[in-house]
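All values below were derived from every heavy atom in this structure, side-chain atoms included, with hydrogens, water molecules and symmetry-related copies excluded.
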Amino acid sequence: MVVEPRSPVRVESQIQLSADAPLRWDVDHEADTATIYIGEREEHVLRLCRESLRDLVHTCARALAEMQAGRGH
């Protein structure tokens, strides 16, 4: 699924990654997007524009910091 930036989207999904779960990415410089492939057979695909990727990384970093600090949600 390709989601346009800033579109209202609701996708409910949960992915549990093992320590050795395959992750890879491709960058499309012309489209200014990154595609992240998750899983042995790339069962999950996340395609993001630069701004959305930046927002996701920032949010993940904040969530990780909160988890490491031992605080609840």
Euclidean distance, D55 CG relative to R50 CZ, rounded to 0.5 Å
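Nearest 0.5 Å value for the CZ-CG distance: 13.0 Å.
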
Which distance, rounded to the nearest 0.5 Å, do you find between the NE2 of H58 and the CZ of R54?
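It comes to 11.0 Å.
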
Would you sort out whether I36 and H44 count as a side-chain contact (heavy atoms from CB on, under 4.5 Å), showing the intermediate values?
CA-CA 8 Å; I36 301 167; H44 305 281; over 6 Å; no

Apply side-chain contact (heavy atoms from CB on, under 4.5 Å) to the pair V27 and T33, showing each step before the final yes or no.
CA-CA 6 Å; V27 174; T33 61; over 6 Å; no

Inspect the surroundings of CD in E40 and state if more than 12 heavy atoms from other residues, nucleotides or ligands are less than 6.0 Å away.
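Atom CD in E40 is not packed in, count stays at 12 or less.
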
More than 12 heavy atoms of other groups within 6.0 Å of R41 CZ
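Counting other residues, nucleotides and ligands, CZ of R41 stays at 12 neighbours or fewer.
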
Check step by step if side-chain contact (heavy atoms from CB on, under 4.5 Å) holds for L23 and W25.
CA-CA 7 Å; L23 294 170; W25 68 91; over 6 Å; no

Verdict with supporting geometry, D28 and D32, side-chain contact (heavy atoms from CB on, under 4.5 Å):
CA-CA 6 Å; D28 182 339; D32 203 27; over 6 Å; no

Among D26, T35, L53, which residue satisfies the side-chain contact (heavy atoms from CB on, under 4.5 Å) criterion with R47?
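Between R47 and the candidates, side-chain contact (heavy atoms from CB on, under 4.5 Å) is satisfied uniquely by T35.
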
Could you tell me which non-hydrogen atom of S18 sits nearest to which non-hydrogen atom of D20, and how far apart they are?
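It is OG-OD1, 2.7 Å.
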
Is there a side-chain contact between V45 and I38, using heavy atoms and a 4.5 Å cut-off?
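V45 vs I38: side chains apart.
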
Please tell me if the side chains of L46 and Y37 come closer than 4.5 Å, counting only heavy atoms from C-beta onward.
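L46 does not reach Y37 side chain to side chain.
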
